[in-house]
Amino acid sequence: MCLCDCRGCAEIYWEGGEERQNQKHPFRICCCFVLCCRPPKLREISWLLFVFFSSDIEISRAQSPKAVDVLAKEIGLLTDEIEIYGQTKAKVRLSLLERLKDQPDGKYVLVAGITPTPLGEGKSTVTIGLVQALTAHLDINSFACLRQPSQGPTFGVKGGAAGGGYAQVIPMEEFNLHLTGDIHAITAANNLLAAAIDARILHENTQSDKALYNRLVPVVNGVRGFSAIQLARLRRLGINKSDPGTLTEEEVSKFARLDIDPSTITWQRVVDTNDRFLRKITVGQANTEKGFIRQAQFDIAVASEIMAILALTTSLQDMKERLGKMVVANDKKGEPVTAEDLGVTGALAVLMKDAIKPTLMQTLEGTPVFVHAGPFANIAHGNSSVLADKIALKLVGETGFVVTEAGFGADIGMEKFFNIKCRASGLVPSVVVLVATVRALKMHGGGPNVTAGAPLKKEYTEENLQLVADGCCNLQKQIQIAQLFGVPVVVALNVFKTDSVAEVDLVCKIAKQSGAFDAVPCNHWSAGGRGAVKLAQAVEKAARQKNSFKYLYSLELPIVEKIRIIAQKVYGAEDIELSLAAQTQIDRYTRQGFGNLPICMAKTHLSLSHQPERKGVPTGFILPISDVRASIGAGFIYPLVGTVSAVKNQFHVCCLSSFELQPVNNCSDMIIF
C-alpha cells in the first residue's frame, strides 16, 4: 500500500488510470512497490510519541495530514470517483463498486465490546489502532469504517468519536463537527416528511375532494398531468388511468385523500442536539392551522429512520425504494400510510443524493478511513454503512482487512450487526474483536458507580484482582454471545496506566479459558499502531480459522418469538412481558405483512438487562416490552424495552464551556475542545 505521501509516485500512478481498471490490488500502486515488491512504509510520526500533549486535539493538530487527493490516489481511486471537501475530506462515488465488481473482497472484522461504563471503553481507538498496526507496521492493506458522530454526544458528556491519543482520525475537529453535512441532510429530509404529513392532514380537513385534487394535480402552463410518483399511487389503488381529467368522483376522492389517523402518526421531527425540552411538544397552535393541534415530539437526528436507511442501503435506487416504503402513520381503516403515498419520495432522495456517498479521511498514521452514517446502537442498529464496507472490502484486496465498529456492548451493536446489517449486505464477518477494560470489569465485579465527569474511585486506580475476576463474568457472557453466531473472537484489552500487570494477565487468561481465540493487551492510545501490533497479528491468525457464521433466528418466526430469542439467548432474560400497546402493535404489523422483518431492540446499553444499575450478568429478570414500532423502509421492527428514550439527555452547560474557537491571523481556524 502506498501511504508514504510520495507525490511523485501518486502522480505517476494517476497518469496510468486507464490501465488500472481491472487491477487486482488497487492499494499497491507506488513506483516504490514496483522496485521492492512490497508495500512501502508510511511516513514516520515517531517524533510525536516522545512529545507530551495534554489532549487528543493537540495530538491531532501536531500531525500534518496528507492532502485527501493524495490519499485517494494512493488507495486506487480515480479522479472522477472523488468529490473533494476541503483539504482533508472527500466523498467517494458509488461508481467505484461497478469498476471493482470482480475484485475479491478482503477480510471483514467487527469491533464490539463488553457492557460499557458511561465513559466508554475505547472501541473507536481499538479500531483505529488496529488498522494503523495492520497497514503502517505490518504492511497489510486495511481500511477502518466508522460512524459519523452525532452533535448530541459531541456536545454532551461522552464527547466525540474520532478515537483518541495516538489512535484517532484526523483532523478530529472536522470528524466530530458537521463533516460533509450528512446528518444535516438527514435532518432536512426527515423534517420535510414531518411537515408534509401535517400539511396533508390540514388540507384534507379543510378542503373538498375537488379542491384537494386540483391542489395535488395543478394546471401548469395550460397542461395538467400526473407525476411519476402519482401514477405509481394510481396503480397501487387499482386505477389504470393517466389523464387527470378522466377520473370519476369516487376515483378522485380515493386518490386525493389519505385519511391519516393523527393518533397513529409515528413519524417525529428530529434535531441533532440533546434538547430534553423537545421530548414532548404541541404543534398546530397558530391560528392559520385552523385548530389542528396535536401532541408530538422531537427525536435526535441519528434516530431517524432515514439514518438507518442510509446505513443499510446498497445503492441509490435501493435508497429511493426504502425511503418510499417508510410507514409514517395508519389511515382510519388501519392501513399503513407511506412516504410514497404522500408523494415525497423524490424530494427525500434529492436531499439525500450526496449523503449516500461515504466520506474518506485518514488516521493519525495516514491509513484510510471511511466515515459514513451514524445510527445509535441503543435506539437504532448502531453500525456504519453497508456501502462504506462494500467499497472498502474491494479496495483492500483479497488479503486485506476492513475493520468496522458496532456501538456499545456486543449484546446490542454486535447482535444487530449480525442479524440486521449482515442480512442487508450479504457480507460474512471473519473475526470479532471484543474490547474490554479493567475499569469496566471492576465495575461489573461490584465496584462503585462510574459517573462521567467525576473522578474515579480508588477501586479503579489501585490493583484489585478480586474485583477484576468477579467482573469477568460480563466478558465471558459477551464471548458466548459472539459464539452464538459462529465467528472467532479475539479479546482486545484496552490498557490504562492504572492497570497492573497482574490485572492485565488475569483478564487475558480468563478470556482464553472462556473460548476466545486469543486475548491481547493493547497500548495503541499511547503508542499508536505499534501498541496494537500483537492484536493485529492475532486478528490475522483468527481470520484464517474456520468460520461457521449463522444468524440467531429465522425471519419466518413470529415477531414475539424473535424478540424472546434475543431476550433469552443474548440478554439472559427468563422471559419477556408485552404491554397491551406492544401486543396491539405486533398484531397490527403482522396483519399488515411486516412480520418477517428482523428485530432491532431499543434498550439501555449500560446493562445486559433493561435496568442500567444491574451490572455483571443479571439473571432471572423479565424483559418488559413497553411498545413496538416499525422502520419498514430500513427493514426492521424495533421493540422499546423499559423506559428507553429516542432523545438523548447527556447535556450539561459545563460541557459546552469546554469548546472555544480562537482566531489565528484573522482566520478562524483553531478550535479547542
Side-chain angles (χ1 to χ4, degrees), residues 150 152 186-207 257-308 326-339 341-342 344 348 376 378-380 578-589 592 600 602-603 624-634 637-651:
S150 162
I186 289 165
T187 301
N190 184 101
N191 293 345
L192 177 67
L193 178 53
I197 295 167
D198 287 328
R200 184 61 172 263
I201 294 173
L202 173 67
H203 291 312
E204 290 191 23
N205 285 344
T206 58
Q207 297 184 38
R257 295 198 176 274
L258 297 178
D259 284 328
I260 294 172
D261 179 354
S263 68
T264 67
I265 295 173
T266 56
W267 194 263
Q268 307 296 345
R269 290 166 172 82
V270 299
V271 61
D272 197 36
T273 303
N274 294 337
D275 194 339
R276 63 189 309 149
F277 285 89
L278 293 178
R279 290 178 176 179
K280 287 294 179 185
I281 62 171
T282 302
V283 297
Q285 296 192 74
N287 292 333
T288 53
E289 312 323 317
K290 305 184 186 301
F292 173 56
I293 298 173
R294 68 179 182 90
Q295 293 292 311
Q297 69 185 56
F298 271 81
D299 293 341
I300 196 158
V302 292
S304 170
E305 184 176 353
I306 297 177
M307 173 63 86
M326 295 187 301
V327 174
V328 301
N330 292 319
D331 64 21
K332 293 172 183 176
K333 295 179 181 178
E335 296 302 313
V337 177
T338 67
D341 292 328
L342 284 158
V344 299
L348 301 181
F376 281 161
N378 56 345
I379 53 178
L578 298 173
S579 70
L580 178 60
Q583 185 63 63
T584 300
Q585 287 291 76
I586 288 173
D587 293 342
R588 175 180 289 124
Y589 294 140
Q592 292 174 345
C600 181
K603 86 170 189 71
I625 308 300
S626 57
D627 199 0
V628 176
R629 301 178 186 174
S631 293
I632 305 304
I637 302 291
Y638 66 105
L640 275 63
V641 179
T643 58
V644 69
S645 172
V647 181
K648 306 298 286 181
N649 67 343
Q650 293 178 319
F651 185 89

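Computed from a predicted structure; not experimentally measured.
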May I ask you to test the Gln295-Thr282 pair for a side-chain heavy-atom distance under 4.5 Å?
-> yes
For the pair Thr187 (side chain) and Val271 (backbone), establish whether a donor and an acceptor sit closer than 3.5 Å, ignoring hydrogens and angles.
-> no
Any side-chain donor-acceptor pair under 3.5 Å between Thr338 and Asp341?
-> yes
Inter-residue atom distance Ile201.CD1 - Phe292.CZ, 0.5 Å rounding | 4.0 Å
Under 3.5 Å, is there a donor-acceptor pair linking the side chains of Thr264 and Asn330?
-> no
Verdict with reasoning, Asp331 to Asp261, per side-chain contact (heavy atoms from CB on, under 4.5 Å) | CA-CA 5 Å; Asp331 64 21; Asp261 179 354; over 6 Å; no
Run the side-chain contact (heavy atoms from CB on, under 4.5 Å) check on Val337 and Val327 step by step: do they pass?
-> CA-CA 6 Å; Val337 177; Val327 174; over 6 Å; no
Would Met326 and Ile306 satisfy side-chain contact (heavy atoms from CB on, under 4.5 Å), going step by step from the backbone distance to the final call?
-> CA-CA 9 Å; Met326 295 187 301; Ile306 297 177; 3.9 Å; yes
Contact check, side chains of Arg200 and Leu258, non-hydrogen atoms, under 4.5 Å | yes
Would a 4.5 Å heavy-atom cut-off, applied to side chains only, mark Leu578 and Ile586 as touching?
-> yes
Salt-bridge test for Arg294 and Asp198: reply yes if a basic N is under 4.0 Å from a carboxylate O, no otherwise.
-> yes
Where do Pro336 and Gln592 come nearest, in terms of heavy atoms and distance?
-> CD-NE2, 3.5 Å
Flag, side chain of Asn190 to backbone of Glu305, donor-acceptor distance under 3.5 Å = no
Gln585 side-chain N/O to Pro639 backbone N/O, donor-acceptor pair under 3.5 Å | no
Could you tell me whether the side chain of Arg629 and the main chain of Leu640 form a donor-acceptor pair under 3.5 Å?
-> no
Distance-minimising heavy-atom pair for Ala630 and Tyr589 | N-OH, 3.3 Å
Asp627 to Ala581 - nearest heavy-atom pair and separation = OD1-O, 4.2 Å
Minimum heavy-atom separation for Ser626 to Gly642, with atom names?
-> OG-O, 2.9 Å
Gln268 (side chain) donor-acceptor with Asp299 (main chain) under 3.5 angstrom | no
On a heavy-atom basis, the closest approach of Ala301 and Ile186 is O-CG2, 4.1 Å
Please walk me through it: do Ile265 and Val328 pass side-chain contact (heavy atoms from CB on, under 4.5 Å)?
-> CA-CA 6 Å; Ile265 295 173; Val328 301; 5.9 Å; no
State the NE2-CZ distance between His203 and Arg257, to the nearest 0.5 angstrom.
-> 12.0 Å
Shortest non-hydrogen contact between Ala196 and Leu342, atoms and distance | O-CD2, 4.1 Å
Look up atom CD in Glu335 and atom CZ in Arg588, then write down how far apart they are to the nearest 0.5 Å.
-> 10.0 Å
Is there a donor-acceptor pair closer than 3.5 Å between any side-chain N or O of Gln285 and the backbone N or O of Ile293?
-> no
